[in-house]
Amino acid sequence: MTLKKFLPTALIALTPLMATSAVAAGLTVGFSQIGSESGWRAAETSVSKSEAQKRNITLKIADAQQKQENQIKAIRSFVAQGVDAIFLAPVVATGWDAVLGEAKDAKIPVVLLDRDVETGDKSLYLTAVTSDSVHEGAVAGEWLAKQVGDKPCNVVELQGTVGASVATNRKKGFDDAIAKHANIKVVRSQTGDFTRAKGKEVAESFLKAENGGKNICALYAHNDDMAVGAIQAIKEAGLKPGKDILVVSIDAVPDIFKAFMAGEANATVELTPNMAGPAFDALIAYKDKGTVPPKWIQTESKLYTPTDDPQKIYDSKKGLGY
Ligand code: AHR
């Protein structure tokens, strides 16, 4: 799947084009953020604040601590406050129609950030700024297939939060990619909830169940934080992550580049933490000139491996709030 395929229906946010206007300066946006489960999430929150500041937008952030009910409360509170727009990073994909309907009735546009919702009524949100998360999983799976060639390879998978669009999609993309390779099999798959601690705990159980890890050829984690937790578990089991067990994950957080430098991780697919910048620009154009954005503003997904100058990438990312 290529980025080009989506060009007719989706705008691809590759370059940070910053829209500023008199309208932007007066806007107040409420952002219902999931929580701080991962380094990527922390960076998204931090980058959202700085992107708002650059445009003189007032950004009110509500931390939902991983709970959909808190996100629903936050949206209702933003509606009651009469904000100009609501940004929503939905923890899970379903169960949003009623509250998004309330925002729509109040004529407050909603922009989805980094995850999708499942709804039959797309008019409930203005646009979604997300990556193609099926593609991310496919990139990880194709990378692994290339690495192992014809060799048999048992994979253990750490899934993201159950019910989150990105967890479902990253699983699907990976499964589809390896389905073409009969030698590669996912032998265990469980949620690690996108956290480092849970990633480590679940990886420990995988290692125990798979002959101390000797039956495992690769670990695929839906985010880098879980991979970093798993790397620790692999080391504690007396194996070498990155060598005895290949490690491929998603996000491109600074710590995975440290793991590249230590030879303990092998590949990551980047998810930009700057979802808010393109969202603000779309919102400003909408408020300013009535320009209706495409339903999907797609962010870029890029594969990194240890040959990509990990020190340089680490240095460029470490100040972003990860
Ligand atoms: O929705 C994006 C995912 O959420 C990131 O990949 C993960 O790190 C985060 O928690």
Are a donor atom and an acceptor atom from the side chains of Thr119 and Asp121 found within less than 3.5 Å of each other? no
Starting at CD of Gln53, measure out to CD of Glu51 and round the result to the nearest 0.5 Å. 10.5 Å
Below 4.0 angstrom, N of the basic side chain to O of the carboxylate: do Lys200 and Glu204 qualify? yes
Does anything in residues 78-99 form a salt bridge (Lys or Arg N to Asp or Glu O under 4.0 Å)? List the pairs, not counting sequence neighbours. none
Min side-chain heavy-atom separation Asp315-Lys312 under 4.5 Å: no
Donor-acceptor list for residues 57-64 side chains, cut-off 3.5 Å, not counting sequence neighbours:
unit_1, atom_1, unit_2, atom_2, d
Lys60, NZ, Gln81, OE1, 2.8
Asp63, OD1, Gln65, N, 2.8

Ile178 CD1 to Ile184 CD1 distance, which is reported to the nearest 0.5 Å: 6.0 Å
Value rounded to 0.5 Å, distance of CG in Leu207 from CD1 in Ile245: 5.5 Å
CD1 on Ile75 to CD1 on Ile108, rounded to 0.5 Å: 10.5 Å
Once rounded to the nearest 0.5 Å, what's the spacing between atom CH2 of Trp143 and atom CD of Gln147? 4.0 Å
Mind checking side-chain hydrogen bond (donor to acceptor under 3.5 Å, both in side chains) for Glu157 and listing every partner two or more places apart, or none if nothing turns up? Lys171, Ser189, His222
What salt bridge (Lys or Arg N to Asp or Glu O under 4.0 Å) pairs are there with at least one residue in residues 30-42, not counting sequence neighbours? Glu37-Arg41, Glu37-Arg115, Arg41-Glu44, Arg41-Asp114
Does one hydrophobic cluster hold both Val292 and Phe280, with members joined at side-chain heavy-atom distances below 4.5 Å? yes
Can you find a heavy atom in the side chain of Asp255 that is under 4.5 Å from one in the side chain of Arg196? yes
Salt bridge (Lys or Arg N to Asp or Glu O under 4.0 Å) contacts touching residues 265-278 (sequence neighbours left out): Glu270-Lys317
I'd like to know if Glu142 and Lys146 make a salt bridge, using a cut-off of under 4.0 Å between side-chain N and carboxylate O. no
Check: Ser133/Asn169 side-chain N/O donor and acceptor closer than 3.5 Å: yes
Of all residues at least two apart in sequence or in a different chain, which pass the side-chain hydrogen bond (donor to acceptor under 3.5 Å, both in side chains) check with Ser32? Gln71
Any side-chain heavy atom of Leu320 sitting closer than 4.5 Å to one from Ser46? no
Do the numbers put Lys104 on top of the ring of Tyr125, so that NZ or CZ is under 6.0 Å from the six-membered ring centre and no more than 45° off the axis? no
Those residues that, when tested against Asp251, pass salt bridge (charged side-chain N to carboxylate O under 4.0 Å, His left out) (two or more places apart): none
Under the salt bridge (charged side-chain N to carboxylate O under 4.0 Å, His left out) rule, collect the residues that match up with Asp309, sequence neighbours excluded. none
For Glu102, enumerate each residue passing the salt bridge (charged side-chain N to carboxylate O under 4.0 Å, His left out) test, keeping only those at least two apart in sequence or located in another chain. Arg76
Would you say Lys73 and Asn70 make side-chain contact, with heavy atoms under 4.5 Å? yes
For Lys122, all residues meeting salt bridge (charged side-chain N to carboxylate O under 4.0 Å, His left out), sequence neighbours excluded: none
Name all pairs fulfilling the side-chain hydrogen bond (donor to acceptor under 3.5 Å, both in side chains) condition that reach into residues 258-267, sequence neighbours left out, sorted by first residue then second. Lys235-Glu264
Could you give all pairs that pass the disulfide bond (SG atoms under 2.5 Å apart) test and reach residues 157-228, with sequence neighbours left out? Cys153-Cys217
Both conditions, 6.0 Å and 45 degrees, for the charged tip of Lys302 above the ring of Tyr304: are they met here? yes
Within the structure provided, determine whether Asp225 and Phe194 are in side-chain contact (heavy-atom separation under 4.5 Å). no
Quick one: does Val247's side chain get under 4.5 Å of Ile231's, heavy atoms only? yes
Min side-chain heavy-atom separation Val47-Met275 under 4.5 Å: no
Do you reckon Val129 sits in the same ILVMFWY cluster as Leu271, going by side-chain contacts under 4.5 Å, direct or chained? yes
Check whether Thr191 reaches the backbone of Gly160 with its side chain - one donor and one acceptor, N or O, closer than 3.5 Å. yes
